[in-house]
Amino acid sequence: MRTAPQAPSPPATRLRGLCLNFLLVFGCNEGTPSGRGDPSAQSVSKGRGTLAEERSDGPSQSRGPIELSLEARAGSWEIEPGRRVDAFTYNGTVPGPTIRGRVGDEVVVHFKNSLDEPTTIHWHGLRISAAMDGSPATQRPVPAGGEFEYRFTLPDAGTFWYHPHVRESEQMERGLYGAIVVEGDREPEVDADHLIVLDDVRIDSSGQIAPGSSRDIYPGREGNVLLVNGRRGLELNARRGQVQRWRFINVANARFFLLRLEDHSLQVIGSDGGFAEAPRTVDQLLITPGDRFDVLVSATGEPGSESTLLSLPVSSVRHGHGRSRRGHGRSRRGHARGPSRGDVGDALLRMEYSMLSPLPAREVTVPYARLPDLGPEGIQPTVIRLGDRGCCGSGRFTINGVSHPNVPPQVAYVGQTQVWNVWNDTRGPHPFHLHGYFFQVLGASAARQPVRAWEDNLNIPPGEQVRIAFRPEGRPGRWLYHCHILEHGEHGMAAELVVIDRAGAEPNAPIDSRQNAEQQEQM
Ligand code: C2O
Ligand code: CU
């Protein structure tokens with residue numbers, strides 16, 4: 001099932017690719033000038049802690065839990081060599097440690113909050129119990145100095161991430177996020193497996209991360225420095241003939257990344273919930289906040305050449321098409337002062353080809369998913385209308401006309417298919433995120449999703465209605481759904497889904513999120 005038989009690859013070659021993974025994500029700085037890789041990032045997993053080594057282990061039965069300590073604490077973040085900003089970190093690094101495991105692994109996280117403010121950890125995309133979800137629907141924030149033990153089993157293969165769910169627009173802007181990579185039984189045999197975490201920060205004239213302002217609420221806060229894995233100017237190596245897997249995560253508050261890799265197309269093989277049903281090849285890939293994409297890159301460049309991964313301007317997708325909004329968008333953009341140099345795009349990272357002789361071309365087998373059909377048969381869709389009211393400054397966002405925490409929850413039974421019409425009734429886009437369950441996109445709106453895949457995060461363009469379906473397979477509890485432009489979610493565009501098991505009561509009483517919200521606003 002793995003490598004095409006006609007193109008066996010020498011183990012040494014494969015290893016080299018895997019070491020590149022090391023270089024990018026773990027900072028094994030072999031032969032590279034310092035500061036190029038990611039020297040401070042750590043990774044936590046079983047055994048000796050690399051995807052490469054685990055992959056060659058074969059199946060292992062006697063794996064104990066993945067146990068790690070995570071401490072949220074103030075720290076210093078080197079966004080490029082010699083340039084440091086005050087930050088919030090997990091264990092002193094941005095991104096926090098990458099958690100690597102396999103489907104079925106148990107994870108135990110001893111979390112300590114050493115910030116001066118409350119926080120939680122949400123495990124974005126992991127289908128775990130509501131009590132461990134870290135959202136304001138299920139967990140009171142861990143106070144300053146407090147501790148909490150998160151414990152769950154990794155349910156699905158794919159790329160996920162973790163971040164706080166308290167005052168997200170500040171805490172995440174300041175650096176609180178980390179990646180989770182989960183391998184399944186069958187993974188494509190690739191020459192390198194790179195994690196590419198996309199972010200931006202807004203650096204003010206003092207050289208520090210600017211505090212958020214009320215002017216950021218409507219457009220969402222975009223930064224003026226683009227980062228990959230918490231750094232500027234990252235490079236990765238390639239050798240002609242390789243097939244590399246790039247796992248993208250957009251952790252930015254509000255920035256839409258429209259990616260293009262010079263001289264290469266991107267083969268999208270999966271998204272939020274793992275492999276898609278089929279591949280699709282694109283020249284540009286839009287990744288909105290909260291999204292993940294799993295991409296194969298065929299290294300077709302000449303030895304010694306280099307290609308840049310570009311972030312293209314997105315004003316038309318990002319700021320909507322409505323006339324009044326456009327003017328609005330422009331002035332906001334002026335305010336946000338993106339780093340854009342016009343139509344060329346901004347460099348995110350450089351792919352550098354070695355002088356080594358090309359590897360023979362080969363096919364990589366991907367275990368594409370097959371999704372059950374959750375098509376609506378006589379199901380009257382629930383309308384989820386994303387709205388806004390007021391205009392500027394202190395304006396608030398709504399769901400069905402009401403702002404969080406006052407939106408009445410949606411209620412669903414375990415096993416009952418839900419069909420939601422998510423309707424963006426505003427003039428800007430909203431990346432919609434559902435906690436706890438993956439959904440699929442149905443019907444005409446599937447035009448936007450030419451290939452089906454499980455999603456937990458989906459951009460809804462202005463004016464559009466997108467029909468999604470999901471089936472809570474268990475895990476009753478209170479789950480949040482919200483816009484993943486963090487300023488929007490925080491200012492009203494959030495609500496709860498209460499999943500009830502047939503037998504009876506929901507497992508946790510509502511948490512007084514109003515109280516939480518007030519606490520947050522006071523800070
Ligand atoms: Cu990525 Cu409710 O979150
Ligand atoms: Cu939004």
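Order of listing sets the numbers, starting from 1, for every ligand and every atom in it.
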Task: For the Cu ion (ligand 2): the N/O/S atom of H430 at shortest distance - done: ND1
- [ ] Mind listing the protein N/O/S atoms less than 2.8 Å away from atom 1 (Cu) of ligand 1? Waters don't count.
- [x] H124 ND1, H163 NE2, H484 NE2
TODO: Pick out which of H163, E168, R167 makes a side-chain hydrogen bond (donor to acceptor under 3.5 Å, both in side chains) with H165.
DONE: E168
- [ ] Step by step, work out the ring pair (Phe, Tyr, Trp, His ring centres under 6.0 Å) result for H482 and H435.
- [x] CA-CA 9 Å; H482 60 89; H435 284 217; 5.4 Å; yes
TODO: Kindly assign one of parallel, tilted or perpendicular to the pair F397 and H430, based on the angle between their ring planes and the thresholds 30° and 60°.
DONE: perpendicular
TODO: Establish, from distance only, whether the side-chain atoms of D199 and Y177 form a donor-acceptor pair under 3.5 Å.
DONE: yes
Task: Shortest-distance N/O/S atom, H488 versus the Cu ion (ligand 2) - done: ND1
- [ ] Check whether any side-chain heavy atom of H484 sits under 4.5 Å from a side-chain heavy atom of M493, and report yes or no.
- [x] no
Open item on the list: Show, in sequence, the C-alpha distance, side-chain angles and deciding distance for W123 and Y150, and conclude whether the ring pair (Phe, Tyr, Trp, His ring centres under 6.0 Å) test is met.
Closed with: CA-CA 10 Å; W123 311 94; Y150 291 97; 5.5 Å; yes
Open item on the list: I need the single residue from W420, F439, W454, F438 that forms a ring pair (Phe, Tyr, Trp, His ring centres under 6.0 Å) with F470. Which is it?
Closed with: W420
TODO: Specify which N/O/S atom of H435 comes nearest to atom 2 (Cu) of ligand 1, by atom name.
DONE: NE2
